[in-house]
Amino acid sequence: MDIREEIEKVVAVLKRGGVILYPTDTVWGIGCDATNADAIDKVYALKKRAEEKSMLCLVSDYNMLEQYVEKIPRVIYDILKLTDKPTTIIYDDPIRVPENIIAKDNTLGIRVVDEGFSHKLIRKYKKPIVSTSANISGKATPMHFKEISKEILEGVDYVVNLQEQKKVKKPSSIIRVTLDSKVTIIRK
């Protein structure tokens, strides 16, 4: 399957408010348009995840990041330039996203993806995409496509047809950075 064809199919699903199963820059993820509250609700329902446990989203570059975060501490750019693996940053005061993706403390985890299928998809779609591991809440994160449960596979609107091309990596590092530039490592 051609990646461009897959991207076109996925963009059509996202525009309809659908939920996708797709290869991220880390593991296989469940996703949707991160600006569509109804689509986000579908992801929570599929994962059987409490809304208090927020999800993160992926953006394609710093310009897109700046559209969804009120103020970005300068230290963020240094952290992201120095990191050698996918890193999700938890930001204060997200903007232009629905409340159901924002954590109770008014934060949102966002990862800038700079390569691979998910990067190309987000660039084409021109909006952030939800990214959460392809498992039911509380279950182990599948490290291979074959480990994704039937319930997840049947619960999404579209499964990206790139199972053989996805090299499995670990989940991203997660770092919390406050507006006053206090840095806390949540997951290495």
Side-chain angles (χ1 to χ4, degrees), residues 1 3 6-60 64 68 86-88 90 94 97-103 107-113 115-174 186-187:
M1 174 69 58
I3 288 179
E6 278 300 291
I7 288 173
E8 292 298 328
K9 289 177 183 178
V10 174
V11 165
V13 171
L14 294 171
K15 286 181 177 178
R16 290 192 313 264
V19 174
I20 60 169
L21 179 63
Y22 70 115
T24 73
D25 56 331
T26 56
V27 296
W28 277 85
I30 299 170
C32 68
D33 179 338
T35 66
N36 182 326
D38 292 336
I40 293 166
D41 282 342
K42 291 179 191 176
V43 174
Y44 278 115
L46 175 59
K47 284 189 63 88
K48 299 178 182 170
R49 185 178 181 122
E51 252 189 64
E52 295 79 48
K53 291 187 80 179
S54 63
M55 296 180 283
L56 63 98
C57 63
L58 306 179
V59 296
S60 60
M64 186 179 285
Y68 296 95
T87 301
T88 301
I90 299 175
V97 292
E99 287 186 25
N100 63 344
I101 197 170
I102 299 172
T107 61
L108 176 61
I110 302 175
R111 184 165 69 247
V112 177
V113 181
E115 64 182 15
F117 176 82
S118 54
H119 173 74
K120 291 174 185 169
L121 172 62
I122 298 162
R123 285 192 56 177
K124 177 74 174 178
Y125 191 56
K126 297 180 175 41
K127 290 183 184 179
I129 297 177
V130 165
S131 179
T132 183
S133 56
N135 60 308
I136 301 297
S137 192
K139 303 285 184 186
T141 299
M143 298 318 275
H144 303 281
F145 182 84
K146 294 173 187 169
E147 296 174 358
I148 299 171
S149 74
K150 185 176 179 182
E151 187 173 1
I152 295 293
L153 290 168
E154 293 176 354
V156 298
D157 297 302
Y158 189 76
V159 176
V160 172
N161 190 19
L162 296 173
Q163 295 87 343
E164 300 305 317
Q165 295 182 24
K166 175 63 182 154
K167 292 184 175 104
V168 176
K169 296 182 182 179
K170 294 180 182 177
S172 70
S173 297
I174 300 177
I186 296 173
R187 179 173 71 199

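All residue numbers refer to positions in the sequence shown, counting from 1. As the structure is a prediction and not an experimental result, all values here were calculated from the model.
In terms of the salt bridge (Lys or Arg N to Asp or Glu O under 4.0 Å) criterion, Glu147 has no residue partners (sequence neighbours excluded). Residues forming a salt bridge (Lys or Arg N to Asp or Glu O under 4.0 Å) with Lys15 (at least two apart in sequence, or on another chain): none.
The only option from Ile40, Leu108, Asp33, Ile129 that meets the side chain to side chain contact (heavy atoms under 4.5 Å, CB included) definition with Cys57 turns out to be Leu108.
Side-chain atoms of Arg49 come within 3.5 Å of backbone atoms of Ser54 as a donor-acceptor pair (strictly under, hydrogens ignored). The backbone N or O of Asn161 lies less than 3.5 Å from a partner atom in the side chain of Glu6, making a donor-acceptor pair. The backbone N or O of Val160 sits nowhere less than 3.5 Å from a side-chain atom of Lys9 that would complete a donor-acceptor pair. With hydrogens and angles disregarded, a donor-acceptor distance shorter than 3.5 Å links the side chain of Tyr44 to the backbone of Asn100. Remark: side-chain polar atoms of Lys47 are paired, donor with acceptor, to backbone N or O of Asn135 under 3.5 angstrom.
The residues Glu151 and Lys139 are annotated as not salt-bridged, no charged nitrogen and carboxylate oxygen being separated by less than 4.0 angstrom.
Here the closest non-hydrogen pair linking Pro128 and Val59 is CB-CG1, 3.8 Å. Nearest heavy-atom pair across Leu121 and Tyr22 is CD2-CD1, 4.5 Å. In this structure, Arg123 and Ser60 approach most closely via the heavy-atom pair CG-CB, 3.5 Å. Across all non-hydrogen atoms, the minimal contact from Thr24 to Ser131 is CG2-OG, 3.6 Å. Contact detail for Val156 and Val159: the closest heavy-atom pair is CG2-CG2, 3.7 Å.
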Next on the checklist: Working note: Val10 + Tyr125, criterion side-chain contact (heavy atoms from CB on, under 4.5 Å); need CA distance, chi angles, decisive distance, verdict.
Outcome noted: CA-CA 9 Å; Val10 174; Tyr125 191 56; over 6 Å; no
